[in-house]
2 protein chains.
Amino acid sequence: MAKAASKVERRSGIALWRQIADRIRLAISSGEFSERLPPEMELAERFGVNRHTVRGAIAALTQEGVLRAEQGRGTFVKRRRSLSYPVGARTRFSEGPKGQARERRGILLDHAVEPADPRTAAALEIEPGAKVVRLETLSEADGRAVSRATSFFDATRFASIDDIYAESGSITVALKSFGISDYFRHSTQISARHAGDTDLADLKLSPGAIVLVTVYVNVDPDGRPVQFAETRFAADLVELSVS
Amino acid sequence: MAKAASKVERRSGIALWRQIADRIRLAISSGEFSERLPPEMELAERFGVNRHTVRGAIAALTQEGVLRAEQGRGTFVKRRRSLSYPVGARTRFSEGPKGQARERRGILLDHAVEPADPRTAAALEIEPGAKVVRLETLSEADGRAVSRATSFFDATRFASIDDIYAESGSITVALKSFGISDYFRHSTQISARHAGDTDLADLKLSPGAIVLVTVYVNVDPDGRPVQFAETRFAADLVELSVS
DNA sequence: TAGATTTGTCTATTGATATAGACGACTATA
DNA sequence: TATAGTCGTCTATATCAATAGACAAATCTA
(Lines give C-alpha, C1' and ligand atoms only; values in the text may rest on other atoms or scores of the structure.)
Protein backbone atom coordinates (compact mmCIF):
# COMPACT_ATOMS: atom_id res chain seq x y z
CA MET A 1 0.00 0.00 0.00
CA ALA A 2 0.92 3.64 -0.31
CA LYS A 3 3.33 4.69 2.41
CA ALA A 4 2.37 7.65 4.52
CA ALA A 5 4.77 9.87 2.70
CA SER A 6 4.98 11.75 -0.56
CA LYS A 7 4.38 15.44 -0.52
CA VAL A 8 2.36 17.81 1.62
CA GLU A 9 0.39 20.69 0.11
CA ARG A 10 1.70 24.14 0.74
CA ARG A 11 -0.38 27.33 1.11
CA SER A 12 -3.56 25.26 1.08
CA GLY A 13 -4.96 26.82 4.24
CA ILE A 14 -3.99 23.74 6.21
CA ALA A 15 -0.78 24.17 8.18
CA LEU A 16 1.91 21.65 7.28
CA TRP A 17 2.23 20.46 10.87
CA ARG A 18 -1.47 19.64 10.87
CA GLN A 19 -1.32 17.77 7.58
CA ILE A 20 1.60 15.77 8.91
CA ALA A 21 -0.19 15.09 12.20
CA ASP A 22 -3.14 13.74 10.22
CA ARG A 23 -0.87 11.52 8.14
CA ILE A 24 0.86 10.14 11.18
CA ARG A 25 -2.46 9.44 12.89
CA LEU A 26 -3.62 7.65 9.77
CA ALA A 27 -0.39 5.68 9.49
CA ILE A 28 -0.82 4.56 13.09
CA SER A 29 -4.37 3.33 12.64
CA SER A 30 -3.42 1.55 9.44
CA GLY A 31 -0.68 -0.20 11.34
CA GLU A 32 2.24 1.32 9.46
CA PHE A 33 3.63 2.76 12.69
CA SER A 34 2.92 0.21 15.36
CA GLU A 35 5.14 0.78 18.34
CA ARG A 36 7.74 3.42 17.63
CA LEU A 37 7.82 6.30 15.16
CA PRO A 38 10.81 6.86 12.88
CA PRO A 39 13.19 9.59 14.15
CA GLU A 40 12.12 13.19 13.57
CA MET A 41 14.86 13.73 11.00
CA GLU A 42 13.71 10.78 8.93
CA LEU A 43 10.07 11.89 9.04
CA ALA A 44 11.11 15.40 8.03
CA GLU A 45 12.86 13.97 4.98
CA ARG A 46 9.93 11.74 4.09
CA PHE A 47 7.46 14.60 4.16
CA GLY A 48 9.90 17.06 2.65
CA VAL A 49 9.74 19.56 5.51
CA ASN A 50 11.91 20.88 8.28
CA ARG A 51 12.40 18.89 11.44
CA HIS A 52 10.73 21.62 13.49
CA THR A 53 7.57 21.24 11.43
CA VAL A 54 7.49 17.53 12.21
CA ARG A 55 7.99 18.42 15.86
CA GLY A 56 4.89 20.60 15.64
CA ALA A 57 2.89 17.63 14.41
CA ILE A 58 4.25 15.38 17.13
CA ALA A 59 3.49 18.00 19.78
CA ALA A 60 -0.14 18.11 18.61
CA LEU A 61 -0.48 14.32 18.68
CA THR A 62 1.16 14.19 22.09
CA GLN A 63 -1.37 16.71 23.36
CA GLU A 64 -4.06 14.50 21.84
CA GLY A 65 -2.77 11.50 23.75
CA VAL A 66 -1.79 9.54 20.65
CA LEU A 67 1.98 9.78 21.05
CA ARG A 68 4.52 9.96 23.83
CA ALA A 69 8.04 11.34 23.14
CA GLU A 70 11.00 10.34 25.28
CA GLN A 71 14.20 12.30 25.09
CA GLY A 72 17.08 10.21 23.82
CA ARG A 73 14.90 7.19 23.12
CA GLY A 74 12.33 8.06 20.51
CA THR A 75 8.64 8.74 20.01
CA PHE A 76 6.15 6.01 20.80
CA VAL A 77 2.54 5.19 20.01
CA LYS A 78 0.39 5.43 23.12
CA ARG A 79 -3.00 4.05 22.08
CA ARG A 80 -4.62 2.53 19.06
CA ARG A 81 -7.97 0.94 18.61
CA SER A 82 -11.37 1.82 17.28
CA LEU A 83 -14.79 1.01 18.61
CA SER A 84 -17.35 -0.47 16.26
CA TYR A 85 -20.95 0.65 16.67
CA PRO A 86 -23.70 -1.32 14.91
CA VAL A 87 -26.35 0.51 12.87
CA GLY A 88 -29.55 -1.29 11.91
CA ALA A 89 -33.15 -1.95 12.88
CA ARG A 90 -32.16 -3.05 16.37
CA THR A 91 -29.61 -0.34 16.96
CA ARG A 92 -29.35 1.24 20.37
CA PHE A 93 -26.29 3.44 20.50
CA SER A 94 -26.89 3.64 24.21
CA GLU A 95 -25.95 0.00 24.50
CA GLY A 96 -22.47 0.80 23.32
CA PRO A 97 -20.03 -0.84 20.99
CA LYS A 98 -20.85 -4.39 20.04
CA GLY A 99 -19.28 -7.24 21.90
CA GLN A 100 -16.49 -5.07 23.11
CA ALA A 101 -17.55 -5.40 26.73
CA ARG A 102 -16.59 -1.98 27.91
CA GLU A 103 -17.83 0.17 30.69
CA ARG A 104 -20.21 2.75 29.25
CA ARG A 105 -21.93 5.76 30.73
CA GLY A 106 -24.58 8.15 29.45
CA ILE A 107 -24.47 11.67 30.84
CA LEU A 108 -27.20 14.28 30.57
CA LEU A 109 -25.53 17.60 29.77
CA ASP A 110 -28.60 19.73 29.25
CA HIS A 111 -32.32 19.53 28.62
CA ALA A 112 -35.13 21.86 27.66
CA VAL A 113 -38.74 21.90 26.54
CA GLU A 114 -39.19 23.96 23.39
CA PRO A 115 -41.32 24.27 20.26
CA ALA A 116 -40.43 21.79 17.50
CA ASP A 117 -38.78 23.22 14.42
CA PRO A 118 -40.27 22.01 11.12
CA ARG A 119 -37.70 19.27 10.59
CA THR A 120 -38.14 17.83 14.08
CA ALA A 121 -41.92 18.06 13.82
CA ALA A 122 -41.89 16.18 10.54
CA ALA A 123 -39.64 13.46 11.94
CA LEU A 124 -41.78 12.97 15.04
CA GLU A 125 -45.02 13.38 13.09
CA ILE A 126 -46.34 16.16 15.29
CA GLU A 127 -47.49 19.72 14.57
CA PRO A 128 -44.70 22.23 13.93
CA GLY A 129 -44.37 24.34 17.04
CA ALA A 130 -45.71 21.62 19.34
CA LYS A 131 -43.64 21.15 22.47
CA VAL A 132 -40.71 18.74 22.40
CA VAL A 133 -38.17 17.71 25.02
CA ARG A 134 -34.58 18.19 23.88
CA LEU A 135 -31.82 16.16 25.56
CA GLU A 136 -28.14 16.93 25.12
CA THR A 137 -26.21 13.83 26.08
CA LEU A 138 -22.67 12.53 26.17
CA SER A 139 -21.60 8.88 26.00
CA GLU A 140 -18.42 7.57 27.50
CA ALA A 141 -16.80 4.17 27.04
CA ASP A 142 -14.08 3.25 29.48
CA GLY A 143 -13.99 6.83 30.68
CA ARG A 144 -13.34 8.24 27.19
CA ALA A 145 -15.96 10.50 25.62
CA VAL A 146 -16.97 8.85 22.35
CA SER A 147 -20.22 10.45 21.28
CA ARG A 148 -22.40 13.47 21.75
CA ALA A 149 -26.11 13.41 20.96
CA THR A 150 -29.02 15.79 20.62
CA SER A 151 -32.41 14.02 20.95
CA PHE A 152 -35.99 15.20 20.62
CA PHE A 153 -39.07 13.58 22.14
CA ASP A 154 -42.73 14.55 21.99
CA ALA A 155 -43.22 16.48 25.24
CA THR A 156 -46.81 15.36 25.71
CA ARG A 157 -45.88 11.68 25.64
CA PHE A 158 -42.48 11.84 27.37
CA ALA A 159 -42.84 14.67 29.83
CA SER A 160 -40.03 14.10 32.31
CA ILE A 161 -37.78 11.83 30.26
CA ASP A 162 -34.83 14.03 31.22
CA ASP A 163 -35.07 12.95 34.87
CA ILE A 164 -35.16 9.28 34.02
CA TYR A 165 -32.29 9.56 31.57
CA ALA A 166 -30.23 11.52 34.05
CA GLU A 167 -30.70 8.69 36.54
CA SER A 168 -30.29 5.70 34.26
CA GLY A 169 -28.02 7.06 31.55
CA SER A 170 -29.98 5.01 29.03
CA ILE A 171 -32.57 5.91 26.42
CA THR A 172 -33.78 2.32 26.39
CA VAL A 173 -34.49 2.38 30.12
CA ALA A 174 -36.06 5.83 29.92
CA LEU A 175 -38.45 4.77 27.15
CA LYS A 176 -39.32 1.59 29.01
CA SER A 177 -40.60 3.68 31.93
CA PHE A 178 -43.05 5.24 29.47
CA GLY A 179 -44.30 1.84 28.39
CA ILE A 180 -42.14 1.56 25.30
CA SER A 181 -40.76 -1.89 25.90
CA ASP A 182 -39.25 -2.18 22.47
CA TYR A 183 -38.36 0.14 19.63
CA PHE A 184 -36.78 0.08 16.20
CA ARG A 185 -34.45 2.20 14.16
CA HIS A 186 -36.55 3.54 11.32
CA SER A 187 -33.92 5.37 9.29
CA THR A 188 -30.38 6.61 9.71
CA GLN A 189 -28.58 9.32 7.78
CA ILE A 190 -24.80 9.23 8.02
CA SER A 191 -22.41 12.03 7.20
CA ALA A 192 -19.07 13.39 8.34
CA ARG A 193 -17.74 16.85 9.04
CA HIS A 194 -15.22 18.75 11.06
CA ALA A 195 -16.24 18.92 14.69
CA GLY A 196 -17.92 22.13 15.87
CA ASP A 197 -17.00 24.14 18.95
CA THR A 198 -19.13 22.39 21.52
CA ASP A 199 -18.41 18.88 20.22
CA LEU A 200 -14.73 19.72 20.22
CA ALA A 201 -14.99 20.60 23.88
CA ASP A 202 -17.38 17.86 24.99
CA LEU A 203 -15.57 15.06 23.16
CA LYS A 204 -12.17 16.50 24.09
CA LEU A 205 -11.00 16.62 20.48
CA SER A 206 -8.35 18.80 18.96
CA PRO A 207 -9.37 21.43 16.41
CA GLY A 208 -9.74 19.97 12.93
CA ALA A 209 -10.92 16.62 14.26
CA ILE A 210 -13.65 14.77 12.39
CA VAL A 211 -17.04 13.62 13.66
CA LEU A 212 -19.22 10.92 12.17
CA VAL A 213 -22.78 12.24 12.25
CA THR A 214 -25.86 10.01 12.41
CA VAL A 215 -29.34 11.47 12.17
CA TYR A 216 -32.10 9.00 12.89
CA VAL A 217 -35.64 8.25 13.99
CA ASN A 218 -36.61 5.50 16.40
CA VAL A 219 -40.17 4.16 16.25
CA ASP A 220 -42.24 2.04 18.63
CA PRO A 221 -43.61 -1.38 17.56
CA ASP A 222 -46.69 0.39 16.12
CA GLY A 223 -44.44 2.46 13.90
CA ARG A 224 -45.02 5.69 15.80
CA PRO A 225 -41.91 7.88 16.04
CA VAL A 226 -40.65 8.23 19.58
CA GLN A 227 -37.19 9.76 19.20
CA PHE A 228 -35.56 12.01 16.62
CA ALA A 229 -31.86 12.47 17.21
CA GLU A 230 -28.43 13.39 15.92
CA THR A 231 -25.40 11.60 17.36
CA ARG A 232 -21.86 12.77 16.69
CA PHE A 233 -19.03 10.23 17.12
CA ALA A 234 -15.33 11.02 17.37
CA ALA A 235 -14.17 9.60 14.04
CA ASP A 236 -10.72 8.68 15.27
CA LEU A 237 -12.22 6.35 17.86
CA VAL A 238 -15.32 4.96 16.25
CA GLU A 239 -16.52 3.22 13.15
CA LEU A 240 -20.10 2.32 12.30
CA SER A 241 -21.14 -1.10 11.16
CA VAL A 242 -24.21 -1.78 9.02
CA SER A 243 -25.35 -5.37 8.66
CA MET B 1 -30.89 24.53 14.58
CA ALA B 2 -27.48 26.11 15.07
CA LYS B 3 -26.78 28.73 12.45
CA ALA B 4 -23.58 28.37 10.49
CA ALA B 5 -21.94 30.93 12.68
CA SER B 6 -20.44 30.97 16.14
CA LYS B 7 -16.72 31.33 16.27
CA VAL B 8 -13.84 29.89 14.27
CA GLU B 9 -10.80 28.25 15.88
CA ARG B 10 -7.65 30.26 15.90
CA ARG B 11 -4.12 28.86 15.68
CA SER B 12 -5.53 25.39 15.11
CA GLY B 13 -3.42 24.67 12.05
CA ILE B 14 -6.41 25.32 9.82
CA ALA B 15 -6.40 28.77 8.27
CA LEU B 16 -9.46 30.84 9.11
CA TRP B 17 -10.34 31.39 5.45
CA ARG B 18 -10.45 27.63 4.98
CA GLN B 19 -12.61 27.02 8.05
CA ILE B 20 -15.01 29.66 6.83
CA ALA B 21 -15.05 28.21 3.33
CA ASP B 22 -15.97 24.83 4.84
CA ARG B 23 -18.75 26.40 6.90
CA ILE B 24 -20.18 28.22 3.92
CA ARG B 25 -20.08 25.06 1.80
CA LEU B 26 -21.91 23.20 4.56
CA ALA B 27 -24.45 26.00 5.00
CA ILE B 28 -25.16 25.85 1.29
CA SER B 29 -25.74 22.11 1.23
CA SER B 30 -27.93 22.32 4.33
CA GLY B 31 -30.02 24.92 2.55
CA GLU B 32 -29.22 27.80 4.87
CA PHE B 33 -27.82 29.81 1.97
CA SER B 34 -29.96 29.03 -1.00
CA GLU B 35 -29.52 31.62 -3.69
CA ARG B 36 -27.52 34.57 -2.48
CA LEU B 37 -24.94 34.84 0.29
CA PRO B 38 -25.16 37.58 2.93
CA PRO B 39 -22.84 40.53 2.23
CA GLU B 40 -19.15 40.06 3.05
CA MET B 41 -19.36 42.49 5.96
CA GLU B 42 -22.22 40.58 7.55
CA LEU B 43 -20.43 37.25 7.17
CA ALA B 44 -17.30 38.78 8.67
CA GLU B 45 -19.28 39.83 11.72
CA ARG B 46 -20.99 36.45 12.04
CA PHE B 47 -17.72 34.57 12.01
CA GLY B 48 -15.92 37.20 14.03
CA VAL B 49 -13.19 37.86 11.47
CA ASN B 50 -12.08 40.57 9.10
CA ARG B 51 -13.83 41.11 5.81
CA HIS B 52 -10.65 40.22 3.91
CA THR B 53 -10.60 36.83 5.58
CA VAL B 54 -14.12 36.14 4.40
CA ARG B 55 -13.03 37.25 0.94
CA GLY B 56 -10.31 34.60 1.07
CA ALA B 57 -12.94 31.95 1.75
CA ILE B 58 -15.16 33.22 -1.04
CA ALA B 59 -12.21 33.25 -3.44
CA ALA B 60 -11.52 29.59 -2.65
CA LEU B 61 -15.14 28.59 -3.15
CA THR B 62 -15.29 30.57 -6.38
CA GLN B 63 -12.22 28.70 -7.60
CA GLU B 64 -14.03 25.50 -6.59
CA GLY B 65 -17.04 26.48 -8.67
CA VAL B 66 -19.42 26.73 -5.72
CA LEU B 67 -19.87 30.50 -5.72
CA ARG B 68 -19.94 33.34 -8.20
CA ALA B 69 -19.33 36.93 -7.01
CA GLU B 70 -20.68 39.89 -8.93
CA GLN B 71 -19.40 43.33 -8.22
CA GLY B 72 -22.06 45.62 -6.91
CA ARG B 73 -24.70 42.88 -6.76
CA GLY B 74 -23.63 40.24 -4.34
CA THR B 75 -22.26 36.70 -4.14
CA PHE B 76 -24.38 33.88 -5.47
CA VAL B 77 -24.57 30.13 -5.10
CA LYS B 78 -23.61 28.43 -8.33
CA ARG B 79 -24.39 24.83 -7.47
CA ARG B 80 -25.92 23.29 -4.44
CA ARG B 81 -26.36 19.65 -3.71
CA SER B 82 -25.65 16.86 -1.36
CA LEU B 83 -26.08 13.43 -2.83
CA SER B 84 -27.70 10.80 -0.68
CA TYR B 85 -26.49 7.23 -1.19
CA PRO B 86 -28.53 4.40 0.27
CA VAL B 87 -26.83 1.66 2.29
CA GLY B 88 -28.65 -1.59 2.87
CA ALA B 89 -29.16 -5.13 1.64
CA ARG B 90 -29.98 -3.96 -1.88
CA THR B 91 -27.28 -1.34 -2.09
CA ARG B 92 -25.46 -0.82 -5.34
CA PHE B 93 -23.29 2.23 -5.10
CA SER B 94 -22.79 1.87 -8.80
CA GLU B 95 -26.40 2.80 -9.32
CA GLY B 96 -25.74 6.18 -7.87
CA PRO B 97 -27.64 8.42 -5.54
CA LYS B 98 -31.26 7.49 -4.93
CA GLY B 99 -33.94 9.15 -6.97
CA GLN B 100 -31.71 12.02 -7.86
CA ALA B 101 -31.73 11.12 -11.51
CA ARG B 102 -28.26 12.26 -12.41
CA GLU B 103 -25.87 11.28 -15.06
CA ARG B 104 -23.35 8.89 -13.55
CA ARG B 105 -20.21 7.29 -14.88
CA GLY B 106 -17.88 4.60 -13.56
CA ILE B 107 -14.27 4.85 -14.64
CA LEU B 108 -11.63 2.15 -14.32
CA LEU B 109 -8.43 3.80 -13.15
CA ASP B 110 -6.29 0.74 -12.66
CA HIS B 111 -6.47 -3.02 -12.27
CA ALA B 112 -4.17 -5.87 -11.29
CA VAL B 113 -4.15 -9.54 -10.41
CA GLU B 114 -2.36 -10.16 -7.14
CA PRO B 115 -2.26 -12.49 -4.14
CA ALA B 116 -4.95 -11.81 -1.54
CA ASP B 117 -3.83 -10.34 1.74
CA PRO B 118 -5.26 -12.05 4.84
CA ARG B 119 -8.10 -9.58 5.30
CA THR B 120 -9.24 -9.79 1.69
CA ALA B 121 -8.97 -13.59 1.73
CA ALA B 122 -11.11 -13.80 4.85
CA ALA B 123 -13.74 -11.51 3.38
CA LEU B 124 -13.94 -13.43 0.11
CA GLU B 125 -13.64 -16.80 1.88
CA ILE B 126 -10.65 -17.94 -0.16
CA GLU B 127 -7.14 -19.08 0.77
CA PRO B 128 -4.75 -16.31 1.78
CA GLY B 129 -2.40 -15.74 -1.12
CA ALA B 130 -4.90 -16.97 -3.72
CA LYS B 131 -5.15 -14.70 -6.73
CA VAL B 132 -7.61 -11.80 -6.68
CA VAL B 133 -8.47 -9.11 -9.20
CA ARG B 134 -8.14 -5.62 -7.81
CA LEU B 135 -10.08 -2.77 -9.47
CA GLU B 136 -9.43 0.89 -8.74
CA THR B 137 -12.47 2.82 -9.84
CA LEU B 138 -13.83 6.34 -9.81
CA SER B 139 -17.50 7.33 -9.89
CA GLU B 140 -18.74 10.60 -11.31
CA ALA B 141 -22.21 12.14 -11.04
CA ASP B 142 -22.98 15.02 -13.35
CA GLY B 143 -19.30 15.23 -14.23
CA ARG B 144 -18.23 15.66 -10.62
CA ALA B 145 -16.06 12.95 -9.03
CA VAL B 146 -17.94 11.72 -5.97
CA SER B 147 -16.36 8.43 -4.97
CA ARG B 148 -13.26 6.34 -5.32
CA ALA B 149 -13.32 2.59 -4.77
CA THR B 150 -10.91 -0.32 -4.41
CA SER B 151 -12.57 -3.68 -5.09
CA PHE B 152 -11.37 -7.27 -4.89
CA PHE B 153 -12.81 -10.27 -6.72
CA ASP B 154 -11.80 -13.93 -6.72
CA ALA B 155 -9.59 -14.17 -9.84
CA THR B 156 -10.62 -17.74 -10.63
CA ARG B 157 -14.31 -16.85 -10.81
CA PHE B 158 -14.08 -13.34 -12.29
CA ALA B 159 -11.05 -13.51 -14.54
CA SER B 160 -11.46 -10.55 -16.85
CA ILE B 161 -13.93 -8.48 -14.87
CA ASP B 162 -11.73 -5.45 -15.46
CA ASP B 163 -12.50 -5.45 -19.19
CA ILE B 164 -16.21 -5.64 -18.64
CA TYR B 165 -16.16 -2.96 -16.00
CA ALA B 166 -14.07 -0.70 -18.18
CA GLU B 167 -16.68 -1.04 -20.92
CA SER B 168 -19.85 -0.84 -18.86
CA GLY B 169 -18.76 1.26 -15.92
CA SER B 170 -20.97 -0.86 -13.69
CA ILE B 171 -20.22 -3.61 -11.19
CA THR B 172 -23.79 -4.85 -11.51
CA VAL B 173 -23.41 -5.31 -15.27
CA ALA B 174 -19.96 -6.85 -14.89
CA LEU B 175 -21.20 -9.43 -12.39
CA LYS B 176 -24.21 -10.22 -14.55
CA SER B 177 -21.89 -11.28 -17.36
CA PHE B 178 -20.48 -13.86 -14.96
CA GLY B 179 -23.93 -15.24 -14.24
CA ILE B 180 -24.49 -13.26 -11.04
CA SER B 181 -27.91 -11.87 -11.83
CA ASP B 182 -28.49 -10.61 -8.34
CA TYR B 183 -26.42 -9.88 -5.25
CA PHE B 184 -26.79 -8.51 -1.76
CA ARG B 185 -24.89 -6.29 0.58
CA HIS B 186 -23.73 -8.55 3.39
CA SER B 187 -22.12 -6.06 5.72
CA THR B 188 -20.92 -2.47 5.61
CA GLN B 189 -18.39 -0.76 7.85
CA ILE B 190 -18.54 3.01 7.84
CA SER B 191 -15.85 5.38 9.04
CA ALA B 192 -14.47 8.81 8.24
CA ARG B 193 -11.00 10.23 7.89
CA HIS B 194 -9.01 12.90 6.17
CA ALA B 195 -8.52 12.10 2.51
CA GLY B 196 -5.20 10.56 1.49
CA ASP B 197 -2.98 11.75 -1.36
CA THR B 198 -4.46 9.74 -4.18
CA ASP B 199 -8.07 10.31 -3.12
CA LEU B 200 -7.32 14.01 -2.83
CA ALA B 201 -6.14 14.00 -6.41
CA ASP B 202 -8.74 11.63 -7.88
CA LEU B 203 -11.71 13.28 -6.18
CA LYS B 204 -10.27 16.75 -6.78
CA LEU B 205 -10.53 17.68 -3.12
CA SER B 206 -8.61 20.31 -1.26
CA PRO B 207 -6.16 19.21 1.44
CA GLY B 208 -7.81 18.53 4.76
CA ALA B 209 -11.00 17.35 3.09
CA ILE B 210 -12.92 14.48 4.65
CA VAL B 211 -13.88 11.17 3.07
CA LEU B 212 -16.65 8.85 4.22
CA VAL B 213 -15.25 5.34 4.01
CA THR B 214 -17.40 2.24 3.48
CA VAL B 215 -15.89 -1.22 3.63
CA TYR B 216 -18.26 -3.95 2.55
CA VAL B 217 -18.84 -7.43 1.17
CA ASN B 218 -21.37 -8.29 -1.51
CA VAL B 219 -22.67 -11.85 -1.70
CA ASP B 220 -24.55 -13.78 -4.36
CA PRO B 221 -28.02 -15.28 -3.66
CA ASP B 222 -26.33 -18.43 -2.30
CA GLY B 223 -24.49 -16.29 0.24
CA ARG B 224 -21.10 -16.70 -1.43
CA PRO B 225 -18.95 -13.56 -1.28
CA VAL B 226 -18.33 -12.07 -4.71
CA GLN B 227 -16.89 -8.63 -3.99
CA PHE B 228 -14.90 -7.12 -1.14
CA ALA B 229 -14.44 -3.39 -1.46
CA GLU B 230 -13.70 -0.05 0.10
CA THR B 231 -15.44 3.04 -1.30
CA ARG B 232 -14.38 6.55 -0.31
CA PHE B 233 -16.95 9.35 -0.76
CA ALA B 234 -16.23 13.08 -0.72
CA ALA B 235 -17.93 14.00 2.54
CA ASP B 236 -18.82 17.50 1.44
CA LEU B 237 -20.89 16.13 -1.43
CA VAL B 238 -22.34 12.92 -0.11
CA GLU B 239 -24.27 11.52 2.78
CA LEU B 240 -25.17 7.89 3.37
CA SER B 241 -28.65 6.75 4.18
CA VAL B 242 -29.46 3.56 6.09
CA SER B 243 -33.03 2.40 6.13
C1' DT C 1 33.05 4.81 29.29
C1' DA C 2 33.06 6.87 24.57
C1' DG C 3 30.50 7.63 20.70
C1' DA C 4 26.29 7.55 18.18
C1' DT C 5 21.47 8.44 18.16
C1' DT C 6 17.53 10.90 19.33
C1' DT C 7 14.59 14.38 21.54
C1' DG C 8 14.53 19.27 23.69
C1' DT C 9 15.48 24.18 23.41
C1' DC C 10 17.27 28.40 21.74
C1' DT C 11 17.98 32.28 18.19
C1' DA C 12 17.20 34.29 13.71
C1' DT C 13 14.97 34.90 9.25
C1' DT C 14 11.45 34.41 5.68
C1' DG C 15 6.89 33.78 3.92
C1' DA C 16 1.91 33.05 4.63
C1' DT C 17 -2.29 34.59 7.41
C1' DA C 18 -5.07 37.96 9.37
C1' DT C 19 -6.35 42.68 10.65
C1' DA C 20 -7.24 47.61 9.62
C1' DG C 21 -8.63 51.39 6.91
C1' DA C 22 -9.43 53.73 2.66
C1' DC C 23 -11.24 54.26 -1.75
C1' DG C 24 -12.72 52.85 -6.50
C1' DA C 25 -16.19 50.33 -9.45
C1' DC C 26 -20.45 48.47 -10.31
C1' DT C 27 -25.50 47.71 -9.38
C1' DA C 28 -30.12 48.59 -7.99
C1' DT C 29 -33.61 51.74 -6.59
C1' DA C 30 -35.92 55.71 -4.68
C1' DT D 1 -29.70 60.94 -11.30
C1' DA D 2 -28.41 60.82 -6.63
C1' DT D 3 -27.62 57.54 -3.11
C1' DA D 4 -27.05 53.37 -0.63
C1' DG D 5 -25.31 48.86 -0.85
C1' DT D 6 -21.91 45.68 -2.32
C1' DC D 7 -17.74 43.75 -4.39
C1' DG D 8 -12.68 44.83 -5.96
C1' DT D 9 -8.18 46.59 -4.96
C1' DC D 10 -4.62 48.95 -2.59
C1' DT D 11 -1.31 49.94 1.44
C1' DA D 12 0.36 48.98 6.00
C1' DT D 13 1.08 46.26 10.12
C1' DA D 14 0.96 42.35 13.35
C1' DT D 15 0.94 37.51 14.22
C1' DC D 16 1.47 32.70 12.97
C1' DA D 17 3.83 29.03 10.29
C1' DA D 18 7.99 27.22 8.41
C1' DT D 19 12.94 27.09 7.60
C1' DA D 20 17.78 27.07 9.18
C1' DG D 21 21.48 26.13 12.25
C1' DA D 22 23.52 25.16 16.66
C1' DC D 23 23.93 22.91 20.89
C1' DA D 24 22.17 20.70 25.26
C1' DA D 25 20.14 16.55 27.52
C1' DA D 26 18.94 11.90 27.71
C1' DT D 27 19.45 7.21 26.13
C1' DC D 28 21.43 3.21 23.89
C1' DT D 29 25.23 0.36 22.41
C1' DA D 30 29.82 -1.14 21.27
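Note on naming: letters A, B, ... go to the chains in the order of the sequence lines (proteins, then strands), and numbering restarts at 1 for each one.
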Does the side chain of A:Arg232 reach to within under 4.5 Å of the side chain of A:Thr150, using non-hydrogen atoms? yes

With sequence neighbours excluded, tell me which residues meet side-chain hydrogen bond (donor to acceptor under 3.5 Å, both in side chains) with A:Arg55. A:Glu40

Distance, rounded to the nearest Å, where B:Phe47 contributes CZ and C:dA18 contributes P: 14 Å

Can you name the residues that form a side-chain hydrogen bond (donor to acceptor under 3.5 Å, both in side chains) with A:Arg68, not counting sequence neighbours? A:Glu70

Run the salt bridge (charged side-chain N to carboxylate O under 4.0 Å, His left out) test on B:Arg193 and B:Glu230 for me, step by step, so that the C-alpha distance in whole Å, both residues' side-chain angles and the decisive distance to 0.1 Å come before the verdict. CA-CA 13 Å; B:Arg193 58 177 188 242; B:Glu230 174 185 279; 3.4 Å; yes

Closest nucleotide of DNA chain D for A:Glu70 versus for A:Ala15: which of these residues is on the 5' side? A:Ala15

Between A:Thr62 (side chain) and A:Ile58 (backbone), is there a donor-acceptor pair under 3.5 Å? yes

Given axes from five pairs at either end, by how many degrees does the helix from C:dT1-D:dA30 to C:dA30-D:dT1 bend, rounded to 10°? 30°

Run the side chain to side chain contact (heavy atoms under 4.5 Å, CB included) check on A:Leu67 and A:Lys78 step by step: do they pass? CA-CA 5 Å; A:Leu67 296 178; A:Lys78 219 168 152 188; 5.9 Å; no

With sequence neighbours excluded, residues passing salt bridge (charged side-chain N to carboxylate O under 4.0 Å, His left out) with A:Glu125: none

Under-3.5 Å N/O pairs linking protein and nucleotides 9-12 of chain C:
none

Side-chain (A:Glu136) to main-chain (A:Leu108) donor-acceptor, under 3.5 angstrom: no

Nt span of DNA chain D in reach of chain A heavy atoms at under 4.0 Å, 5' end first, is D:dA17 to D:dC28

Let me know the distance between CE of A:Met41 and P of C:dA4, rounded to the nearest Å. 16 Å

Take the protein atom CD of B:Glu40 and the nucleotide atom C1' of C:dT19, then report the distance between them rounded to whole Å. 15 Å

Over 12 non-hydrogen atoms of neighbours within 6.0 angstrom of CD in A:Glu114: yes

Spacing of A:Ile58 atom CD1 relative to C:dT7 atom C1', expressed in whole Å: 9 Å

Does the side chain of A:Val133 come within less than 4.5 Å of A:Phe152's, by heavy atoms? no

Can you tell me the distance, in whole Å, between the CZ atom of B:Arg68 and the P atom of C:dC26? 18 Å

N/O (side chain, B:Arg73) to phosphate O (OP1/OP2, C:dA28) under 4.0 Å: yes

Under 4.0 Å between a side-chain N or O of B:Thr53 and OP1 or OP2 of C:dT17? no

How far does CG of A:Asp199 sit from CZ of A:Arg148, to the nearest 0.5 angstrom? 6.0 Å

Over all strands shown, is A:Arg36 touching base, sugar-phosphate only, or nothing at heavy-atom distances under 4.0 angstrom? sugar-phosphate

